[in-house]
Amino acid sequence: MLIFFQELVMLLFLWLLRVIDGIMEIFSAIAGVTDVTLNGEKVNIIEYLVGGSTVGTIFWCVFILAVGLTCIFGIVALVKNMIANTRTVSSIMGKVSLSLLGTMAMLTVVVLGILICNSILTLVAEIFQIGNTTKLSNALFNACAGKWINGYSMAEVDITSCSVREIMGDYNASSVLLGIWPSDWNENGMIDPEQFLYLPAMISSIALLIAMVVAIINLAKRVYEIVLLYIVMPVSMATLPLDDGARFKVWRETFVTKMILAYGTVFSVNIFILILPIITKMHVDGVGSFGNSMFLIFMIIGGAMVIPAGQTLFARLFGQADDMHAGGSFLHSAFYGGRIASALTFGAAFKLIKGGIGAGRSISNRRKKGDEEKSDGESSEDDSDKYTDEKSGDSSEGDGK
């Protein structure tokens with residue numbers, strides 16, 4: 001029975017590893033490290049969306065709108081200056097001209113910035129791959145393998161392409177109990193099934209899967225936000241005559257933040273892959289095998305949590321961390337929203353049950369009260385009959401006298 005449970009855990013673990021490898025490919029494409037295929041052509045997702053004809057048409061329409069807004073804001077600034085007299089007319093008109101010319105200059109800067117950032121990001125990913133071609137699934141499996149046998153090692157095996165029987169081997173035919181339950185392994189597979197860390201494998205793979213999903217959601221949101229910031233850039237420049245560039249400063253900081261978010265994720269994922277094999281070779285003396293398993297679980301989960309946290313870390317170092325808290329905590333908000341919805345559901349169910357019980361009690365009380373009133377009515381009728389009988393008896397006695 002235990003062997004069947006071990007096979008089931010191994011099957012689930014391999015399935016999670018395949019999902020993690022698929023998510024890693026999606027992660028690389030959304031981050032801009034690898035290209036995606038569109039109409040048979042390899043393109044970078046951000047570069048294509050920003051440089052596409054549809055987005056370009058919308059950008060120029062917004063630019064024409066921004067020219068009108070610049071004129072309006074310039075007139076408003078002149079009217080305000082006539083009242084407050086804090087600036088000269090020439091400085092205001094200079095800001096109007098700077099707004100129009102600056103939009104064209106910023107268009108070039110934004111396009112070049114996206115191209116340069118994506119090129120550097122690809123270079124960073126390639127730097128981490130120097131001397132390290134291990135996939136994340138292989139690194140995680142090797143961390144929980146315990147002991148490789150029969151000459152196998154992590155460097156020689158693509159674990160996601162192997163089956164459970166190939167990894168764990170066959171049963172020992174002489175150890176089958178009652179002809180149904182095998183109780184021992186033949187040890188002709190790739191690893192020793194008795195030394196495999198089943199609990200750390202499941203916990204670490206689920207934690208890593210959740211961390212990667214959170215990181216990918218933030219990166220996917222980043223793609224839309226970069227396109228949005230690119231389109232509304234002329235509007236932020238149009239406010240230059242009115243607020244001396246305050247709105248444009250916010251736009252610039254937000255744009256820089258969104259561009260470097262992918263760097264934080266790429267760094268954190270590759271650092272996790274590099275450090276994981278080293279962590280698996282460490283042992284804590286005096287705590288036993290279970291304590292070392294817990295040590296490995298904590299280190300793997302902590303490393304997995306760094307993957308989405310790397311985005312916030314880079315945002316704090318080079319941009320606006322508040323923007324990450326405002327938009328990057330979707331799952332956190334959904335979690336608490338789910339808790340609130342669950343509480344409301346349980347509360348409504350409790351009130352419904354309580355109302356049903358109350359209604360039942362009310363009906364029961366009404367029936368009881370009706371029975372009491374009926375019994376009181378019957379007793380009063382008996383009393384009246386008795387009084388009538390007594391009265392008729394008294395009258396008959398009087399007549400007799």
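Remember, predicted model here, so these are calculated numbers, not experimental data.
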> Is there a side chain to side chain contact (heavy atoms under 4.5 Å, CB included) between I191 and I167 once you walk through the steps?
Replying inline: CA-CA 6 Å; I191 62 171; I167 296 173; 3.8 Å; yes
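- Under a 3.5 Å cut-off, the side chain of N44 and the backbone N or O of G32 do form a donor-acceptor pair.
- Using modelled atom types, one side-chain atom of T70 and one backbone atom of A66 make a donor-acceptor pair closer than 3.5 Å.
- Looking only at side-chain heavy atoms (C-beta outward), L14 and R18 come within less than 4.5 Å of each other.
- Residue T254 holds its OG1 atom at 11.5 Å from NZ of K249, rounded to the nearest 0.5 Å.
- Of the possible donor and acceptor atoms, one in the side chain of S268 sits under 3.5 Å from a partner among the backbone N and O of I307.
- Side chains of D158 and T160: a donor-acceptor N/O pair is present below 3.5 angstrom, by distance only.
- Here N292 contributes atom CG and L197 contributes atom CG; the two are 9.5 Å apart, rounded to the nearest 0.5 Å.
- Scanning all heavy atoms of the two residues, the minimum distance from A77 to P241 falls at CB-O, 3.5 Å.
- Relative orientation of the F196 and F141 rings is tilted, given thresholds of 30° and 60° on the angle between their planes.
- More than 12 heavy atoms of other residues, nucleotides or ligands shown are found within 6.0 angstrom of CE on M294.
- Taking all atoms of both residues into account, the shortest heavy-atom contact from L69 to A238 is CB-CB, 4.1 Å.
- The two atoms that bring R222 and A31 nearest to each other are NH1-O, 3.9 Å, heavy atoms only.
- The two residues V33 and A125 come nearest to each other via the heavy atoms CG1-CB, 3.6 Å.
- At least one donor-acceptor pair closer than 3.5 Å links the side chain of N138 to the backbone N or O of V157.
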>> Evaluate I279 against F272 for side chain to side chain contact (heavy atoms under 4.5 Å, CB included), listing each step before the verdict.
In response: CA-CA 10 Å; I279 295 297; F272 177 74; over 6 Å; no
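- One finds no salt bridge joining K147 and E194 here, because no Lys/Arg side-chain nitrogen approaches an Asp/Glu carboxylate oxygen to under 4.0 Å.
- In this structure, CG in N218 is found 8.0 Å from NZ in K258, a value given to the nearest 0.5 Å.
- Under the 4.5 Å side-chain criterion, counting only non-hydrogen atoms from C-beta, C162 is in contact with M190.
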>> Between Y48 and V36, is the side chain to side chain contact (heavy atoms under 4.5 Å, CB included) condition met? List the steps.
In response: CA-CA 10 Å; Y48 183 83; V36 296; over 6 Å; no
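- The two atoms that bring Y263 and L121 nearest to each other are OH-N, 3.4 Å, heavy atoms only.
- No side-chain heavy atom of T34 sits under 4.5 Å from any side-chain heavy atom of E25.
- Listed for the R247 side chain is no donor-acceptor partner under 3.5 Å among the backbone atoms of T239.
- Aromatic ring orientation, F59 versus F63: parallel (interplanar angle below 30°, classes split at 30° and 60°).
- Formation of a donor-acceptor pair under 3.5 Å by the Q195 side chain with backbone atoms of D192 is not found in this model.
- Within a 6.0 Å sphere centred on CH2 of W60, other residues, nucleotides and ligands contribute more than 12 heavy atoms.
- The side-chain heavy atoms of M237 and L100, taken from C-beta on, include no pair separated by under 4.5 Å.
- Judged purely by atom type and a 3.5 angstrom limit, N150 uses its side chain to pair as donor or acceptor with the backbone of G189.
- Note that CD1 of I30 is 7.0 Å distant from CG of L219, once rounded to the nearest 0.5 Å.
- Side chains of C144 and Y198 form no contact here, defined as non-hydrogen atoms less than 4.5 Å apart.
- Across D21 and S137, no two heavy atoms sit closer than the pair OD2-OG, 2.7 Å.
- Contact annotation: the side chain of V62 approaches that of V235 to within less than 4.5 Å [non-hydrogen atoms, C-beta and beyond].
- For W148 and N142, the side-chain atoms include at least one donor-acceptor pair closer than 3.5 Å.
- Contact of the L49 side chain with the Y224 side chain is not registered, since no non-hydrogen atoms from C-beta on lie closer than 4.5 Å.
- For the atom pair CG of L16 and CG of L140, the computed distance is 9.5 Å after rounding to the nearest 0.5 Å.
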>> Test side chain to side chain contact (heavy atoms under 4.5 Å, CB included) on F267 and F314; report intermediate values, then the result.
In response: CA-CA 10 Å; F267 269 97; F314 265 66; 3.8 Å; yes
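- Residues L208 and I300 fail the side-chain proximity criterion, which asks for heavy atoms closer than 4.5 Å.
- Of the inter-residue distances, the one linking I297 atom CD1 with M202 atom CE reads 11.5 Å to the nearest 0.5 angstrom.
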